[in-house]
Amino acid sequence: MHAETGTELRAPGDLTRIDGDPLYIQYNGLWTSAKVYTASNENSPAYKAECRLRAPNVRITKTSNGEIIGFSTLHPVSIHCNMTLHGRKGKLQALSNWKTKYTHLSYAYSDSATPVPMEWISQSSFKTWDFVCVDDKQNPVAKFVSNNWRTHKLGRVEFLGPKAHDERAREEIIVCGLTMYNVMMLRMNNFLSLGGALFNNTGPFTPAQIEAARREGGVEPEEVEVLEDKYVNGKQH
């Protein structure tokens, strides 16, 4: 039985459609790893997620070839976190000190070499804790749905819009969604994060930051392989 439906993700001018196959997330008993799968392939998960205390704290691997598609490092005080997605270094940056609002720069949802800022906002209730991702035009493109009362089945990821079937876009959402969830879990259960909420500078990416990201682009494929090899079997060399 999958996670409950929760709040529906709706697009402007379309009150019913959700595009793309949702991905479900199920953790093991210790909450150290999870499988990410479609409804029709629960026994053959598309991705494996690992969550651990040492950096990188969240790591997502493609099960078909063992490729690490992304990982992120959370910080005990700072409410921002660092991410690497397909070899590109980035940041999940808080837009507010107290509200659950984050942003990241996306290459997958950009139509040019310049990444576009995406925004994550929270829709929470007593039973569910959801994060909606909107693009630079404020159109919803994905939703990370969690169920606070599930022991192992955390929830699912829904996709919407023209890139709902785009593999790179879906993988970006998976990495960012799981990072977002773990960041908020850390903030809720770590009193040091209160200091970060008080003193961290928050807000959108500046034009200079976006331009710097455009110039840097991504690392070459051979560098990605070296980067991934550093974390073989969860051990940093």
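Nothing fancy with the numbering, it's 1 onward along the sequence.
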Participant: Taking the side chain as C-beta and beyond, is there a heavy-atom pair between Asp130 and Lys143 under 4.5 Å?
Facilitator: yes
Participant: By the definition side-chain hydrogen bond (donor to acceptor under 3.5 Å, both in side chains), identify the one residue from Lys91, His75, Lys89 that meets it with Asn82.
Facilitator: His75
Participant: What residue pairs, at least two apart or across chains, pass salt bridge (charged side-chain N to carboxylate O under 4.0 Å, His left out) with a residue in residues 94-119?
Facilitator: Lys101-Glu119
Participant: Heavy-atom count check: over 12 atoms from other residues, nucleotides or ligands less than 6.0 Å from Lys62 NZ?
Facilitator: yes
Participant: What orientation do Phe131 and Phe144 show, parallel under 30°, tilted 30 to 60°, or perpendicular over 60°?
Facilitator: tilted
Participant: With sequence neighbours left out, write down each residue that passes side chain to side chain donor-acceptor pair (under 3.5 Å) with Asp166, or none if nothing qualifies.
Facilitator: none
Participant: Go through it in stages, so that I can follow the logic: the residues are Glu167 and Arg170, the test is salt bridge (charged side-chain N to carboxylate O under 4.0 Å, His left out), and I'd like the CA-CA distance, side-chain angles, deciding distance and then a yes or no.
Facilitator: CA-CA 5 Å; Glu167 184 178 54; Arg170 289 168 69 92; over 6 Å; no
Participant: Which ILVMFWY residues can you reach from Leu105 by hopping between side chains whose heavy atoms are under 4.5 Å apart?
Facilitator: Phe205, Ile210
Participant: Hey, could you give me each pair passing salt bridge (charged side-chain N to carboxylate O under 4.0 Å, His left out) that has a residue in residues 68-77? Not counting sequence neighbours.
Facilitator: none
Participant: Examine Arg88 relative to Tyr107 and say whether NZ or CZ is less than 6.0 Å from the centre of the six-membered ring and inside a 45° cone about the ring axis.
Facilitator: yes
Participant: I'd like to check the side chain to side chain donor-acceptor pair (under 3.5 Å) partners of Thr179; sequence neighbours left out, ordered by chain and number.
Facilitator: Ser72
Participant: Tracing side-chain links under 4.5 Å among I, L, V, M, F, W and Y, which residues wind up in one group with Leu53?
Facilitator: none
Participant: Report yes or no: does Arg52 contribute a side-chain atom to a donor-acceptor pair with the main-chain N or O of Pro56 at less than 3.5 Å?
Facilitator: yes
